[in-house]
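Here the structure is laid out as C-alpha cells; the discussion comes afterwards.
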Amino acid sequence: MTDTASRPDAQTSIPDRPSLEGLEEKWDGVWSAQQLYAFDENTTRDQVFSVDTPPPTASGSLHIGHVFGYSQADMIVRYQRMRGKNCFYPLGWDDNGLPTERRAQNYYGVRCDPSLPYDPDFTPPIEGGSNKSSKAANQIPVSRRNFIELCEQLTTLDEKSFEEVFRTLGLSVDWNHSYQTINAHSRATSQRAFLENLEAGQAYQSEAPTMWDVTYRTAVAQAEQEDRERDAAYHRIRFTRPDGSPVIIETTRPELLPACVALVAHPEDERYQDLFGTTVTSPLFGVEVPVKAHPLAQADKGAGIAMICTFGDSTDVIWWRELELPTRSVVGRDGRFLPEAPWITSPEGQAAYAELAGLTVFSAQKRVVEMVTESGDLDGEPKKITHPVKFYENGDKPLEYVTSRQWYLTNGGRDSSEGGLRDALIARGSELTWHPAYMESRYRNWVEGLSGDWLISRQRFYGVPFPVWYAVGADGETDYDTVITPDVADLPIDPTIDVPKGFTEEQRGQAGGFVADPDILDTWATSSLSPQLAGGWNSDPELFEKVYPMDLRPQGHDIIRTWLFSTIVRSHLQQDALPWKHASINGWILDPDRKKMSKSKGNVVTPIGLLQQHGSDGVRYWAGRARQGVDTAFDEGQMKIGRRLAIKILNASKFALGFGEAPADPAGRLAADPAVVTDPLDRALLAQLADVIDQATTAFEDMDYARALEVTEPFFWAFCDDYIELVKERAHGNSPAGEAGAASARAALAIALEVLLRLFAPVVVFATEEVWSWWRGGSVHTQAWPVSAPLREAAQGQDAALVDSVAQAAIVVRRIKSDAKVSQKTPILAVTVVAPEAALAHLEAASADLTALGRIEKLELVTGEGEEISTRDVELGEPPVKQPRDKG
RNA sequence: GGGUCGUUAGCUCAGUUGGUCAGAGCGUCUGGUUUACACCCAGAAGGUCGGGGGUUCGAGCCCCUCACGACCCACCA
C-alpha cells in the first residue's frame, strides 16, 4: 500500500491520465484502515439500517450469481448510508452441513466413519484435491472429530478467498460482524433456539415414514426435495381372490409387491363393490391382504384399483395411516432390500423374497418383473411412461420412504385451522414488503402447499448436534420419551461427548444411563436464525435491541421456500415478529442461451477474473442495470459499458475541474457558490439535475437501484457530450460573456459534478471515490445523498427544457458537417436555425455557447412552423488543414 | 393440473396510475485523430410493441383468449 492510499485527503492533484487500474486495491485498503463501514454501536434503532445478508455457502467457489446479488444489495445499503443511516451490514458464512462435508471429502480424500477413534496426528492423503467427486472407495475413513476438523480447516480457507472477492467488488460490509453458522456462537444460538422450541412444544419427535436419501443415508425435508422426470412403466399384476379369480392392479413399483399391505379402490367404484371387505392373495409371496375403500383412490387411474405398499409414495402413507394398515418395510436405509420379511409365511413366498434380499431397488424391480413373468402373473407387456419422481436436490437416487424417529419443528404444515400457524405465517408474508411485490405469491404458494411440519433432524456428522440425550431404561432400551436437556448456560454441547448433569461418562449406553441423540440439525435450522446470529440474540442483547427486526433481507428467489420461509418461521416462533421489513429478491444469472448459468461455465469465467477484466465498477454496473427479481443474461457487453462509464467519470471530472476554481458556497450546501451561476444554460442544467435527483431518490426509496441508475446515467452522458462541449469556450473565458460567464460555467460544472458523484456513488464505488479524493475531503460514501432544493434555488426558476432545446440545435448543426462529411472543426460561415417559438427563446439565451460549439460565424434564429428544429441557408467554410500524421 | 413472471429494433433491455410511448445502450452503416477521454466524438438506418378478439374518443400499457419461454407448486398407483 502506498502512502497516499492510507492518507486519501493528502492527494489533491488531478492525475494526467486517470485510470481505473488499481483503484479497487487502493480504496479497499483505505476504507478498511479507516473502518469506513463499521457499525457504530452507540446508536438507537431508528438510526439504524440493518441487513440480514445471505451467508454464502462456504464450500466451493463463488460464482457470478453471488457477485450479482450482493452488488445489488450493496447499492441499497450505500444509499441508506448516504441518507444518514447507521448501517448494520454483516456477512456470514454458511459453513455448516452437507455441502461442506462433500467438499471436504473430495478436497482431502477422506470420509467420516464415526466408529473410529480420534487421531490427533492425522494428515489427509491429498490437499487441494480434485473438484470431481472422488470415488468413495479411494477415500480414507477418519473419525468424526478428525472429519469435523478438516471441514473447519477447509471453510476457513474458502472464507478467506470469498472475502477477497467481496472486498475487491467493493461491498460495504462491516467485516467486524462476520459470523459462521458452525462456530460455537452459532451452535449455542441454534441449540438454545431448539431447546426453547422444545419447551414451547414447537419441536417434537415422531416415529413416522419420512423421505430418505439412500446415498447420504439421511432424512430429507420437504423443502430440499425436487421432482425429476424419470422413465418408468406400468406393470399389470395379478392378485388372486379366494375363489381363484384374478384382480389386476397396475403399478410402477412392482418391486414393492412384498411390501403390499392392502388393495384400495374408490368406495363408489361399481367394479369392486363385491371385493370390499374381502381379501386377496399377492402373487409370488402368497400374502393375504384386505381390499379397502378410500376416496383418494381414483377410478380412472390405472386399473382403478391400487396396491398399497409401505411405502411407495405419499398416498401410500395417507392410506396406511387412515386405514390403519400394518407396516411391512422392505427397503433399508442403504436402499437395499432388507434380509427378512417375516410376514411372508409360505415357503414359496420366503424363497421368492430371498431372491430379493440385499438387492438395490433397481435390481429388485428387474428380478420381480422376471419372476412375475415366469409365474404368469404379469398381464401383458409393461407400458412405458415418464413421470415425476422425488429426489433430494443434491442426490442422484430417488428418495425412498423409511420409517424412523425424527425431530420436527412446527411450520404450519399440519395446522391449517382458521387463525392457526399456517394462517399466521401467510399473514407474516403479507406484512413483509417484497421487492418486487409479486414474489409474495411464491411464498404464499409454498406455505399453502406444505404437507407436514419441518423435519429438522439429519443423520449426518458436520453440523449442529441436537442438544439432547435420552434415558436408557433398566431393561437397556432407550426411552425416547424421556428427553434429557442441558442447561442453556452450558451451550454449545455435543451430546456424544458431553455428559448430562447427574450422569457420568460410564453410564453412556448403559442400562439406567443415557444415550446421546446422534443426529445433527438441518443446516437451514441454523441459517434460518441468521438475524439472531448476526444480531447477537444469544450473546449481545443490547446489540440485538438495536438491529432487530432488521430492515432488509436480500436473497435469490430460489430460496424463498427455504431460507426466507424458515427465517420467518423461526422469528415468528422465537420473537413473535417478522424478521425484517423488506425483502429484496434478486434474479438468477442465465447463460446467453437463456438457461440457468451452468456450473461449468461459471467456473470458466471466475468472478475475480471478471472484476479484473472489466473493473469492479463495470461489473457492478451490469448488476445495477438489472431489476430486482428478474433473471438476467450474463452479458459482458454490459460490463464493458459500465467500465466505460467509470472511465468517463474520471475523464470528465478531470476536464471539468481543469477550468479553474469557482468561489465556494457560503452556505456550504453546494460545491460552488450558486450566486455566480447567472447564465440561463447553466441554470437550466441545474434545474434538470434537480429533477434527476428527485427521480433517483424516489427510486432508491423504493429500493429500486436500477431505476435510479437509469435516470442518472443518460443525464451524465448528455452532461459530458452536450453541456460540457457547449460551455467549454465560455468556461475558459473565451466568450463575450467574459469573466462572469466563465465563473457561472465553472460553478455550475463544479456543482453538477459533485452531485453526480454522489448520485453514482452507490453503484460506481471506486471511480467516484477516486474523483472525490481529487478535490473534496473525506469519502464520497459517507456524504449526504444529494437533495434537489439548493439546485432549484440556484436555477432561479429557469426552465430545464432550455437544455433540451440547445441540445436539439446542437444536433442539427453537427449534422450539417456529418452530412458534408467534414470535420466538426469546420467553420460555418452562416446558418439560419429554424425553431418553434418556445425553443427559439432558449436558443437566443444560449446563442453564444451554440456558435462556439458549431464554430458559427453568423447565426440567425427564426421562428418556424413545426415542432422540429432545423437549419437552412447554410454556408460552410473550409475544413481546417489536416495536421500531417506522424508516421513513426 | 394449479400458480407466478416474461414475449417491445439484429442483441440486452426501459417504457411507474391508458393520451409526444414507439425509446436507450450495444451491434451495424457513414464520417471525424476536436491536447478530458480512440477505454473517444458526430451522424444515420432499424420495430404494424408474440397472435387474435374486446373495452375506450384513444391501448405495449386495461379485460378475454391462444401460442411460446422460464420458474414454482401438485397424491408419482
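Here is how names work: the chains are called A, B, and so on, in the same order as the sequence lines, proteins then strands, and each is numbered from 1.
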Measure from the side chain of [X], starting at C-beta and using heavy atoms only, and say which of [options] lies closest.
X      : options                : answer
A/Q298 : B/rA77, B/rA74, B/rC75 : B/rA77
A/K821 : B/rU30, B/rG43, B/rA38 : B/rU30
A/A306 : B/rA77, B/rG25, B/rA36 : B/rA77
A/D631 : B/rA70, B/rG31, B/rA36 : B/rA70
A/D721 : B/rU34, B/rC41, B/rC73 : B/rC41
A/R644 : B/rC26, B/rG43, B/rA77 : B/rC26
A/N445 : B/rG25, B/rG2, B/rA36  : B/rG2
A/W588 : B/rG43, B/rC71, B/rC73 : B/rC71
A/S823 : B/rG32, B/rC72, B/rG15 : B/rG32
A/A633 : B/rA77, B/rA36, B/rU12 : B/rU12

Do [X] and [Y] pair up side chain to side chain, a donor and an acceptor below 3.5 Å, judged on atom types alone?
X      : Y      : result
A/E250 : A/H235 : no
A/H266 : A/Q298 : no
A/E440 : A/S430 : yes

Base of B/rC76 paired with side chain of A/K390 (donor-acceptor, under 3.5 Å): no
With no angle test and no hydrogens, is the base of B/rA36 tied to the side chain of A/E725 by a donor-acceptor pair under 3.5 Å?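 Pair found.
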Residue whose nearest RNA chain B nucleotide is more 5′ - A/E226 or A/R643: A/R643
Comparing nearest nucleotides in RNA chain B, the 5'-proximal residue of the pair A/K654, A/H557 is A/K654
Determine which nucleotide pairs with [N], using a 3.5 Å limit on both distances of a Watson-Crick or G-U wobble pair.
N      : result
B/rA59 : none
B/rC21 : none
B/rU16 : none
B/rC5  : B/rG69
B/rA44 : B/rU28
B/rC75 : none

Check this one for me: any side-chain N or O of [X] less than 4.0 Å away from OP1 or OP2 of [N]?
X      : N      : answer
A/Q222 : B/rA74 : yes
A/K817 : B/rU30 : no
A/R707 : B/rA14 : no
A/R442 : B/rC71 : no

Could you give the distance separating [M] and [N] at their [atom1] atoms, to the nearest angstrom?
N      : M      : atom1 : answer
B/rU56 : B/rG43 : C1'   : 41 Å
B/rU16 : B/rU7  : P     : 12 Å
B/rG10 : B/rG6  : P     : 22 Å
B/rG50 : B/rC68 : C1'   : 8 Å
B/rG19 : B/rC29 : C1'   : 36 Å
B/rU33 : B/rA38 : C1'   : 8 Å
B/rC73 : B/rG60 : C1'   : 30 Å
B/rA77 : B/rG69 : P     : 25 Å

Aromatic ring pairing A/F565/A/W446, orientation class (parallel under 30°, perpendicular over 60°, tilted between): perpendicular
For the residue pair A/F68 and A/W622, categorise the inter-ring angle as parallel (less than 30°), tilted (30 to 60°) or perpendicular (more than 60°). tilted
Whole-Å gap separating [atom2] ([N]) and [atom1] ([X]):
X      : N      : atom1 : atom2 : result
A/R228 : B/rC76 : CZ    : C1'   : 15 Å
A/L709 : B/rG15 : CG    : P     : 13 Å
A/Y272 : B/rA77 : OH    : P     : 15 Å
A/W717 : B/rA36 : CH2   : P     : 16 Å
A/F719 : B/rA36 : CZ    : C1'   : 12 Å
A/R625 : B/rC11 : CZ    : C1'   : 15 Å
A/L645 : B/rA24 : CG    : P     : 18 Å
A/Q695 : B/rG15 : CD    : P     : 13 Å

Categorize [X] for me: base, sugar-phosphate, or nothing, with a 4.0 angstrom heavy-atom threshold over every strand shown.
X      : answer
A/I560 : nothing
A/E250 : sugar-phosphate
A/C720 : base
A/A626 : nothing
A/S818 : base

Taking 4.0 angstrom as the limit, do A/E21 and A/R643 come out as a salt bridge?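 Looking at A/R643 together with A/E21, the answer is yes, because their closest N to O distance falls below 4.0 Å.
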Is it true that A/D213 and A/K397 have a side-chain N and a carboxylate O under 4.0 angstrom from each other? no
Does A/E661, at its CD atom, have more than 12 non-hydrogen atoms belonging to other residues, nucleotides or ligands within less than 6.0 Å? no
Should we count CZ of A/F362 as having more than 12 external heavy atoms under 6.0 Å? no
For B/rG69, does the O4'-C1'-N9-C4 or O4'-C1'-N1-C2 angle fall within 90° of 0, making it syn, or is it anti? anti
Tell me if B/rG53 is syn or anti. Syn = glycosidic torsion within 90° of 0, anti otherwise.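 That one's anti.
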